[in-house]
Amino acid sequence: MSKSMICSCEDVTADDVRHAVSRGYCDVESVKRYTGFGTGICQGKSCLSAVAALLEQEKALKADAVVPFTPRPPLYPTELRLLASAPVDESQPPVGGVPQEVDVFPKGLRPTEPLPAKAKVVIIGGGVMGLALAYNLAREGETDVVVLERGYLCAGASGRNGGGVRMQWGTPALVELAKRSIDLMKGFAREMGINVWLRQGGYLFLARTDAVAKRLERNVALHNRFDVPTRLVTPDAARDIVPGLTMKGCVAASFNPEDGVIFPWPFLWGYAQGCRKKGVRVETYTEVTGFDVSGGQIRKVKTDRGDIACDTVVLASGAWSPEVAKLVGVQLPNEPHRHEILSTEPLKPFLGPLVSVLDSGLYFSQSMRGEIVGGMGDPKEPAGLNMGSTLRFVSRFAQALMEQLPHVGHVKVLRQWAGCYDVTPDNNPILGRTPGLDNLLQMSGFVGHGFMMAPAVAERMAKWMRTGESDELFTRFNLRRFSEGALEREDMIIG
């Protein structure tokens with residue numbers, strides 16, 4: 001192995017980068033995910049240009065193709081306690097943020113091979129939901145499948161979430177789905193050959209009001225019916241689980257030791273790799289521009305790379321699903337809402353579970369790399385496809401985090417980013433057939449928890465599509481329920 005070091009933070013050598021290129025990871029984004037370069041304390045300041053030059057040398061990609069993936073290292077890594085001192089006007093909604101155009105993708109990265117003229121199934125959306133469905137369809141024997149992603153893999157919510165996976169939900173359907181998903185995640189590394197760093201350190205939910213405490217108590221009984229070992233804990237017992245936690249203003253908590261966190265990116269990459277190995281086409285940088293419809297059926301999906309005739313279309317575009325649905329005249333009730341998140345410099349392991357204050361929407365955990373990763377909802381956030389990052393968020397988050405963990409005030413923030421929740425009126429997904437367009441299947445509206453539900457939902461949806469057997473999941477969460485008023489609200493939403 002060459003000793004020519006590229007990234008001293010992560011011990012990535014030139015040969016590591018060449019090996020990544022030989023495996024087909026040919027752009028900066030891909031190589032970064034494969035090798036881990038640029039994710040340490042320097043955040044790419046010392047190694048990005050070296051990797052870009054090496055890719056040029058290896059003729060992996062033209063130079064202009066790497067521009068969109070240029071990391072933005074912090075100019076001045078700043079302590080949480082300083083960020084907490086920034087003024088916030090809670091009476092005003094958050095606006096703007098940087099960058100403004102993170103979803104503009106260069107044509108230079110577009111695949112050069114033509115799209116297939118026909119496919120049995122076209123899945124719109126290359127996030128975890130669409131890829132998991134494609135993989136499960138292939139496992140069921142259906143490989144004539146094309147997945148269309150308008151950007152790069154991980155460009156949407158699947159690559160922007162905090163990686164939390166939990167069974168603590170408020171409705172039987174989601175408890176059952178989440179439990180199955182975590183079971184599937186346990187075997188993911190073995191099945192896919194990629195480490196997703198699943199760590200079951202539990203979820204600790206904190207309640208600051210009697211109303212939320214009663215909600216936790218009600219849910220514990222529900223969870224136990226499904227053999228989920230959630231238990232109510234006192235504030236003192238919560239402090240035993242997380243030493244240093246103040247529990248300021250908290251009256252109760254619930255804890256399930258089998259919840260956990262996972263690293264989202266390899267999870268997505270594993271599904272994509274599994275799809276390709278089974279013959280499924282995953283087409284990135286391919287945007288859907290319209291549909292051909294006749295006889296109550298979609299006949300073709302139109303894209304900026306050509307048309308694909310198909311038998312079935314699955315809409316799995318997350319927060320972008322309403323925009324795509326409008327192209328075929330379907331009005332969806334879900335709305336995108338920005339949700340911001342950050343990570344800090346790495347620390348020695350000190351935090352077992354993911355902690356969430358349900359009343360404020362604060363959550364934080366410690367990654368396997370040692371970073372504190374957390375986010376917080378903003379009740380003033382307006383609906384819209386906004387993925388800009390704001391000082392307002394880091395200030396609100398730092399204040400709320402230090403209220404519960406004051407000893408982390410000296411820790412510096414390295415990165416922040418934003419993604420979009422895909423919010424429905426009842427906080428439950430939209431699944432199944434579309435009224436009036438029988439071969440358009442819905443798979444969106446998962447609010448902020450699609451990532452953790454994807455393995456189980458995709459498994460059931462693939463079987464339902466292949467066999468045609470009745471499955472109450474696709475009746476319970478059908479699009480028609482919004483016009484019929486048959487809503488079942490999920491209230492264990494963070495943010």
Side-chain angles (χ1 to χ4, degrees), residues 29-30 33 103 121-139 145-166 174 177-189 191-198 260-278 280-284 314-321 324 334 336 339 341 373 387 417 419-423 429-431 441-462 465 473 477:
E29 170 79 4
S30 303
R33 300 293 187 267
D103 58 348
V121 180
V122 173
I123 298 173
I124 304 173
V128 69
M129 203 62 71
L131 290 170
L133 176 62
Y135 177 75
N136 277 277
L137 283 170
R139 287 189 69 186
V145 179
V146 176
V147 180
L148 302 177
E149 167 55 49
R150 72 189 191 114
Y152 57 90
L153 299 180
C154 293
S158 297
R160 295 170 175 273
N161 69 83
V165 293
R166 60 177 161 112
L174 294 194
L177 286 172
K179 186 179 179 188
R180 176 58 181 162
S181 276
I182 292 177
D183 279 345
L184 292 169
M185 288 172 181
K186 291 177 185 175
F188 193 85
E191 181 175 352
M192 298 298 194
I194 190 167
N195 185 6
V196 291
W197 295 354
L198 173 65
V261 293
I262 201 168
F263 189 14
W265 296 341
F267 206 70
L268 205 71
W269 280 54
Y271 272 129
Q273 189 169 280
C275 285
R276 287 169 171 144
K277 283 181 178 176
K278 290 182 178 298
V280 170
R281 295 276 296 266
V282 179
E283 301 290 338
T284 53
V314 180
L315 183 50
S317 305
W320 286 264
S321 292
V324 178
N334 32 339
H339 189 91
I341 188 170
V373 178
M387 292 199 289
W417 64 96
C420 284
Y421 274 20
D422 182 19
V423 182
I430 303 172
L431 296 169
L441 307 184
Q442 301 290 337
M443 197 183 192
S444 68
F446 286 88
V447 194
H449 49 275
F451 181 82
M452 67 181 82
M453 298 293 176
V457 171
E459 182 184 58
R460 283 176 66 167
M461 189 158 176
M465 289 171 64
L473 188 69
F477 294 135

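Below, all heavy atoms of this structure are taken into account, side chains as well, without hydrogens, waters or symmetry copies.
Side-chain contact between Leu131 and Val147: present, with at least one pair of heavy atoms (C-beta onward) separated by less than 4.5 Å. With contacts defined as side-chain heavy-atom distances shorter than 4.5 Å, the pair Val314/Val122 does not qualify. Put simply, the side chain of Arg150 reaches to within 4.5 Å of the side chain of Trp320, judged on heavy atoms. For the pair Val457 and Met443, the minimum side-chain heavy-atom distance is below 4.5 Å. Counting heavy atoms from C-beta on, the side chains of Pro336 and Tyr421 never come closer than 4.5 Å. Looking only at side-chain heavy atoms (C-beta outward), Val121 and Leu137 come within less than 4.5 Å of each other.
Heavy-atom minimum distance, Ala319 versus Cys420: CB-CB, 3.7 Å. What you find for Val128 and Leu268 is that their closest heavy atoms are N-CD1, 3.0 Å. The two residues Gly445 and Asp422 have their closest heavy-atom pair at N-OD2, 2.5 Å. Nearest heavy atom pair, residue Leu153 against residue Ala272, reads CD1-CB, 3.6 Å. Scanning all heavy atoms of the two residues, the minimum distance from Val280 to Ala138 falls at CG2-CB, 4.0 Å. In terms of heavy-atom proximity, Pro455 sits nearest to Met452 at CD-O, 3.9 Å.
Each salt bridge (Lys or Arg N to Asp or Glu O under 4.0 Å) pair with one or both residues in residues 130-139, not counting sequence neighbours, appears once here: Arg139-Glu191.
Here Ser444 contributes atom OG and Leu315 contributes atom CG; the two are 5.5 Å apart, rounded to the nearest 0.5 Å. Phe446 CZ to Ser158 OG: the interatomic distance, rounded to the nearest 0.5 Å, is 11.0 Å. The CG atom of Leu431 lies 10.0 Å from the CG atom of Leu441; values are rounded to the nearest 0.5 Å. Rounding to the nearest 0.5 Å gives a distance of 15.0 Å between CG of Leu174 and NZ of Lys179. Of the inter-residue distances, the one linking Met185 atom CE with Ile262 atom CD1 reads 4.5 Å to the nearest 0.5 angstrom. Distance check: Leu184 CG to Glu459 CD gives 5.0 Å after rounding to the nearest 0.5 Å.
For the pair Arg166 (side chain) and Gly260 (backbone), a donor-acceptor distance under 3.5 Å is absent. Not one N or O on the side chain of Asn136 forms a donor-acceptor pair closer than 3.5 Å with the backbone of Leu133. Side-chain atoms of Ser321 come within 3.5 Å of backbone atoms of Ser317 as a donor-acceptor pair (strictly under, hydrogens ignored). Panel note: side chain Trp265, backbone Gly159; a donor-acceptor pair is recorded below 3.5 Å. Ser181 places a side-chain N or O within donor-acceptor distance of the main-chain N or O of Ala456, the cut-off being under 3.5 Å.
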Could you walk me through whether Ile194 and Trp269 satisfy the side-chain contact (heavy atoms from CB on, under 4.5 Å) test, starting with their C-alpha distance in whole Å, then the side-chain angles of each, then the deciding distance to 0.1 Å, before giving a yes or no?
CA-CA 8 Å; Ile194 190 167; Trp269 280 54; 4.2 Å; yes

Can you check side-chain contact (heavy atoms from CB on, under 4.5 Å) on Arg460 and Leu177, steps first, answer last?
CA-CA 10 Å; Arg460 283 176 66 167; Leu177 286 172; 4.1 Å; yes

Run the side-chain contact (heavy atoms from CB on, under 4.5 Å) test on His339 and Arg160 for me, step by step, so that the C-alpha distance in whole Å, both residues' side-chain angles and the decisive distance to 0.1 Å come before the verdict.
CA-CA 9 Å; His339 189 91; Arg160 295 170 175 273; over 6 Å; no

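With sequence neighbours excluded, no residue satisfies side-chain hydrogen bond (donor to acceptor under 3.5 Å, both in side chains) with Glu149. Every residue meeting the ring pair (Phe, Tyr, Trp, His ring centres under 6.0 Å) condition with Tyr271, not counting sequence neighbours, appears here in chain and number order: Tyr135, Phe188, Phe267. Looking at residues two or more places apart in sequence or on another chain, you find a ring pair (Phe, Tyr, Trp, His ring centres under 6.0 Å) between Trp197 and Phe263. Applying the salt bridge (charged side-chain N to carboxylate O under 4.0 Å, His left out) test to Glu283 and every residue at least two apart in sequence or in another chain returns Arg281, Arg305. Looking at residues two or more places apart in sequence or on another chain, you find a salt bridge (charged side-chain N to carboxylate O under 4.0 Å, His left out) between Lys186 and Asp183.
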